[in-house]
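We use all heavy atoms of the structure for the numbers below, so side chains are in, but hydrogens, waters and symmetry mates are not.
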Amino acid sequence: ASAYWHEGLALCQELDLPNEKAWALDCLGIAAWCQGDSEAAERHIQAALSIYTALSRQSSIGMCKAELALVLASVGRVEQAISLAQEAVAITRAVNSQMMLTLSLNYLGVVLTAIGDLAAARCALVEAIQRAWEHHYLYNLMNAFYYVAELLVAENRSLDSPSAL
């Protein structure tokens with residue numbers, strides 16, 4: 001996948017297609033993150049975010065901020081991750097981009113679960129499920145169910161801990 005996205009990025013640069021270049025950079029970032037290279041992921045997604053910001057593509061800005069939140073949370077930069085995830089939700093809510101709002105709520109739920117704010121994570125994920133169901137965003141709905149499963153595991157662990165007694 002990365003090889004194809006690099007090829008696509010080169011074509012976008014050659015043809016001067018900034019929106020498509022941003023998309024290629026974003027996808028390279030996600031591919032890098034999936035391969036465990038959080039530094040490259042952050043670098044590529046930040047580059048995409050810069051282009052989308054210059055183009056005033058608000059829903060794409062929200063998407064990139066949500067993705068960056070996942071990347072940063074995965075390397076322990078939770079304060080930044082929470083801030084970015086909350087910004088992503090606010091941006092996508094403000095522009096009424098339901099698909100990106102659903103994605104942003106999902107990722108906010110993931111970040112909140114990771115830091116142990118389970119009640120807030122549940123609220124974000126329930127809203128993500130409701131919106132995904134209402135708008136038939138099946139991919140985001142399936143992701144939300146997966147993230148709820150992670151939340152349920154975290155809730156179960158918190159009940160088993162001595163501090164919960």
Side-chain angles (χ1 to χ4, degrees), residues 1 5 22-23 25-49 52-53 57-165:
W5 285 116
W23 179 249
L25 285 164
D26 182 52
C27 291
L28 277 168
I30 296 301
W33 184 62
C34 289
Q35 295 169 345
D37 188 349
S38 58
E39 289 179 20
E42 183 179 358
R43 187 175 59 254
H44 289 308
I45 297 169
Q46 283 283 12
L49 177 59
Y52 285 136
T53 300
R57 297 283 317 262
Q58 293 302 307
S59 64
S60 297
I61 291 168
M63 174 188 68
C64 285
K65 287 186 178 218
E67 292 166 347
L68 277 172
L70 283 182
V71 171
L72 296 179
S74 72
V75 295
R77 293 165 57 191
V78 293
E79 293 302 320
Q80 287 176 289
I82 292 168
S83 178
L84 283 167
Q86 290 170 335
E87 287 175 33
V89 168
I91 290 167
T92 54
R93 195 181 302 277
V95 297
N96 199 28
S97 176
Q98 293 301 311
M99 182 177 283
M100 292 306 167
L101 176 56
T102 304
L103 177 136
S104 297
L105 287 163
N106 271 335
Y107 293 175
L108 176 60
V110 170
V111 172
L112 292 168
T113 298
I115 65 158
D117 191 346
L118 304 181
R122 179 176 286 274
C123 288
L125 292 171
V126 165
E127 184 180 352
I129 288 169
Q130 290 169 335
R131 288 179 183 279
W133 179 259
E134 178 183 345
H135 296 284
H136 307 285
Y137 300 141
L138 299 181
Y139 178 77
N140 286 351
L141 182 63
M142 300 294 23
N143 280 336
F145 287 148
Y146 176 82
Y147 300 140
V148 166
E150 288 183 336
L151 171 65
L152 292 172
V153 169
E155 287 175 340
N156 189 50
R157 284 188 186 136
S158 73
L159 291 175
D160 290 340
S161 72
S163 63
L165 302 176

Closest non-hydrogen atom pair, [X] against [Y]:
| X | Y | answer |
| --- | --- | --- |
| Leu101 | Val89 | CD1-O, 3.8 Å |
| Ala144 | Ile129 | CB-CG1, 3.5 Å |
| Tyr52 | Met63 | CE1-CE, 4.1 Å |
| Ile91 | Gln58 | CG2-O, 3.3 Å |
| Ala121 | Gly109 | CB-O, 3.5 Å |
| Thr102 | Ala132 | CG2-CB, 3.6 Å |

Could you state the interatomic distance from [atom1] ([X]) to [atom2] ([Y]), rounded to the nearest 0.5 Å?
| X | Y | atom1 | atom2 | value |
| --- | --- | --- | --- | --- |
| Gln35 | Leu28 | CD | CG | 9.5 Å |
| Lys65 | Gln46 | NZ | CD | 9.0 Å |
| Leu105 | Glu127 | CG | CD | 4.5 Å |
| Leu108 | Tyr147 | CG | OH | 12.0 Å |
| Leu141 | His136 | CG | NE2 | 10.5 Å |
| Met100 | Thr92 | CE | OG1 | 9.0 Å |

- [ ] Determine, stepwise, if the pair Glu79 / Ser83 fulfils side chain to side chain donor-acceptor pair (under 3.5 Å).
- [x] CA-CA 6 Å; Glu79 293 302 320; Ser83 178; over 6 Å; no
Task: Step-by-step side-chain contact (heavy atoms from CB on, under 4.5 Å) determination, Tyr137 to Arg131 - done: CA-CA 8 Å; Tyr137 300 141; Arg131 288 179 183 279; over 6 Å; no
Open item on the list: Pair Ile30, Cys34 - check side-chain contact (heavy atoms from CB on, under 4.5 Å), show working.
Closed with: CA-CA 6 Å; Ile30 296 301; Cys34 289; 4.2 Å; yes
TODO: Check the surroundings of atom CZ in Arg93: do more than 12 heavy atoms from other residues, nucleotides or ligands lie under 6.0 Å from it?
DONE: yes
Task: Neighbour count >12 (heavy atoms, 6.0 Å) for atom CH2, Trp23 - done: no
TODO: Using side chain to side chain contact (heavy atoms under 4.5 Å, CB included) as the criterion, point out the one residue from Val71, Leu25, Asp26 that pairs with His44.
DONE: Leu25
TODO: Return yes if some donor-acceptor pair links the side-chain N/O of Asn140 with the main-chain N/O of Met99 below 3.5 Å, else return no.
DONE: yes
- [ ] Determine yes or no for a side-chain-to-main-chain donor-acceptor pair under 3.5 angstrom, with Ser158 supplying the side chain and Glu155 the backbone.
- [x] yes
- [ ] Compare all side-chain heavy atoms of Leu125 with those of Asn106 and state whether any distance is below 4.5 angstrom.
- [x] yes
